[in-house]
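Below is one structure; the comments refer to it alone.
Atoms considered below: every heavy atom in the structure, side chains included; atoms not considered: hydrogens, waters and symmetry mates. Read the numbers this way: they start at 1 and go in the same order the structure lists the ligands and their atoms.
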Amino acid sequence: MGISVVAMKLRHVAIRRLSVVGMFVAVIVVFQCCWTTYYSVLDAGGSSVALPIEVSISGTSEKKGVFRSTSATNVMLNATFVSHSKEYDSEKEADLDHELESDGGRNSREGHIPNNKGFKVGNHKDAIYSFTQKRPKYAVLSASDMLLAVKKPSNESRIQSVEMESQNEKPQVLKSPLSMSKSKPKMGTSSTRSKLVWPTSITQMNSLMLQSFNSSASMRPRWSSRRDRELLSAKLEIENAHAISNSSGLYAPIFRDVSKFSRSYELMERKLKVFIYREGAKPIFHQPKMRGIYASEGWFMKLMEGNKRFIVKDPRKAHLFYLPFSSQMLRVTLSNPKQMEQHLEKYVELIAGRYRFWNRTDGADHFLVACHDWASRITRQPMKGCIRSLCNSNVAKGFQIGKDTTLPVTYIHSVMDPLKECAGKPPSERSALAFFAGSMHGYLRPILLKHWANKEPDMKIFGPMPRDLEGKKMYMEYMNSSKYCICARGYEVHTPRIIEAIFSGCVPVIISDNYVPPLFEVLKWEAFSLFVRERDVPSLRDILLSIPEEKYLALHLGVKKVQQHFLWHKVPVKYDLFHMILHAIWKNRLSQIRPR
Ligand SMILES: *[C@@H]1O[C@H](CO)[C@@H](O)[C@H](O)[C@H]1NC(C)=O
Ligand SMILES: *[C@@H]1O[C@H](CO)[C@@H](O)[C@H](O)[C@H]1NC(C)=O
Ligand SMILES: *[C@@H]1O[C@H](CO)[C@@H](O)[C@H](O)[C@H]1NC(C)=O
Ligand SMILES: *[C@@H]1O[C@H](CO)[C@@H](O)[C@H](O)[C@H]1NC(C)=O
Ligand SMILES: *[C@@H]1O[C@H](CO)[C@@H](O)[C@H](O)[C@H]1NC(C)=O
Ligand SMILES: *[C@@H]1O[C@H](CO)[C@@H](O)[C@H](O)[C@H]1NC(C)=O
């Protein structure tokens with residue numbers, strides 16, 4: 001079975017003429033400085049695990065950098081970067097997620113064959129970076145990802161699309177229509193029966209969330225604290241928030257309850273105090289990576305650590321405790337998921353031993369923000385009580401709605417100019433009904449193409465677009481001028497397309513069963529996006545055509561209005577992405593607080 005998978009990968013590689021062959025893993029890393037040497041010691045103060053790592057990366061034209069890491073198992077990583085100009089290198093993280101899980105499904109990769117992807121990333125100067133990394137342990141090929149950089153006429157760079165999902169999923173049972181529909185999951189075909197993952201509709205997710213907010217599943221703290229009492233009083237205030245007529249700056253239709261949100265946000269600004277553990281050494285801890293596909297975790301870390309309003313030096317004053325690690329750097333530094341998990345375990349031991357806060361709630365008032373595909377897996381045990389803000393928010397794989405929260409995938413190209421609103425065309429000038437372009441990662445996209453590539457003139461459904469400037473421009477052009485942008489899952493449930501679509505004014509059509517969309521706790525996703533079940537790909541066009549123009553216009557307006565909540569600012573502004581992520585964490589913590 002493993003063989004066939006490898007063979008499949010080989011074909012992919014051949015087809016795409018990728019330069020990455022053999023035992024390679026591609027990792028997206030955004031390096032912000034050149035020729036740096038890191039020493040990773042879990043606790044900067046001494047003791048714990050020491051991982052000497054030498055990272056050298058060229059930042060200048062055509063130089064090569066060599067990345068070496070000697071981890072506990074003496075796995076030698078060797079990566080070559082080719083970089084142009086002063087742009088940072090990016091690497092695409094391969095996903096070895098399935099290694100952690102034996103799914104027993106037909107398409108499972110038995111024999112622990114990791115799926116590695118070579119990768120190319122274009123920057124705003126259209127430089128192509130290739131990154132390869134040797135991983136002696138894994139005999140695998142890398143299939144490269146298509147990358148679609150959004151190239152602006154100016155030298156600003158924009159969002160771009162790269163698949164980032166791990167190739168680990170068995171085909172799930174493909175299911176029923178629009179999220180709005182109330183249909184219940186049914187049994188799939190016999191071949192998939194062994195270990196079914198029921199797709200969860202948005203409607204079901206909504207009720208899961210209500211249940212979670214209702215239940216008192218979280219543990220009762222070992223002792224009460226004044227901070228919890230403050231949270232409780234905030235919670236009561238929010239519950240009794242009266243309807244606001246017109247909250248300035250908020251567009252009510254895209255919120256579940258704009259009054260409660262507005263009140264909750266206001267109280268967060270006034271009351272919330274966060275303590276950041278100083279423990280943990282670079283590069284895994286305290287070293288934000290501001291670019292690339294995992295940039296969300298880096299931006300959050302950077303803005304959180306630099307924040308004045310929320311941070312307290314005295315942990316006794318904190319309502320929440322931030323575990324400031326980068327899942328991306330963890331992946332780059334350590335060789336396998338087991339080690340990554342152990343590293344986090346040691347960290348938890350360290351802070352639980354040194355402070356009393358962890359033990360009070362077993363981490364329920366602690367949180368992490370992590371975007372790497374594996375983050376969900378490697379934190380599930382050591383940090384299971386924590387509020388986890390994760391990009392890979394698969395409700396069928398341990399993501400707990402109401403406790404965990406979804407981190408949006410924001411692909412950042414230029415630190416100078418992170419995600420920026422880009423106008424896109426007005427609805428009347430959007431001639432294509434639907435657009436998709438991308439590599440055939442995962443099981444779903446081939447189905448999408450089979451049904452819709454070259455079928456109808458208004459369905460612009462493509463495989464990978466050319467990597468060159470022309471291709472990137474074309475990609476952006478399509479996003480700009482289509483009514484609906486298809487965000488089909490790849491290897492994993494999440495994809496950067498959703499945010500790309502939002503910034504192009506294109507209504508996202510999310511085809512990814514079990515994906516919990518970002519900011520789900522407060523946003524009413526149905527007001528600015530569509531959810532189509534994976535099994536309904538064959539009727540995709542009918543579904544889209546059945547949306548009345550009026551509803552489309554409302555969705556489009558919703559998309560425009562939600563943009564501000566997905567924007568990063570170097571100096572955070574009200575209701576921006578930094579605050580929205582923090583608010584989601586605050587909200588989930590509040591929901592766990594009960595009167596004693
Ligand atoms: C790493 O790559 C460099 C060239 O990029 C090569 O000289 C070196 O021998 C490699 N080291 C290992 C351990 O593969
Ligand atoms: C690139 O941006 C810089 C400043 O952001 C500007 O000074 C320069 O003129 C731009 N170059 C081009 C080719 O647009
Ligand atoms: C949650 O609790 C409220 C009142 O406490 C109740 O009306 C509601 O039905 C509950 N919802 C769920 C999903 O249990
Ligand atoms: C809120 O403001 C919008 C425009 O900003 C307006 O259309 C709407 O009528 C207002 N709603 C109320 C209740 O004042
Ligand atoms: C917290 O609990 C762990 C294990 O139960 C223990 O080793 C540690 O000493 C405790 N921490 C404190 C500060 O008491
Ligand atoms: C997208 O649309 C906006 C507004 O019409 C335009 O300014 C921009 O140049 C377009 N970008 C591309 C790549 O077509």
Protein contact to atom 11 (N) of ligand 5 [nearest heavy atom, distance to 0.1 Å]
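Result: A352 O, 2.7 Å.
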Identity and distance of the protein heavy atom lying nearest atom 10 (C) of ligand 5:
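Protein heavy atom with the smallest distance to atom 10 (C) of ligand 5: N359 ND2, 2.4 Å.
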Contact bool for atom 3 (C) of ligand 5 (protein heavy atom, d < 4.0 Å)
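Yes, because at least one protein heavy atom sits under 4.0 Å from atom 3 (C) of ligand 5.
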At a 4.0 Å threshold, what atoms of ligand 5 neighbour a non-hydrogen atom of G353?
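Under 4.0 Å from G353, ligand 5 has these atoms: 13 (C).
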Aromatic ring centroids of [X] and [Y] under 6.0 Å?
| X | Y | value |
| --- | --- | --- |
| F325 | Y347 | no |
| H565 | F255 | yes |
| Y322 | F367 | yes |

Strictly below 4.0 Å, N to O, side chains only: are R354 and E279 in salt-bridge contact?
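Salt bridge flag = yes for E279 with R354.
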Taking D228 first and then R360, would you say they form a salt bridge - that is, a charged N and a carboxylate O separated by under 4.0 Å?
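A salt bridge links D228 with R360.
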Can you tell which part of Y355 has a heavy atom less than 4.0 Å from ligand 5: side chain, backbone, both or neither?
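Backbone only.
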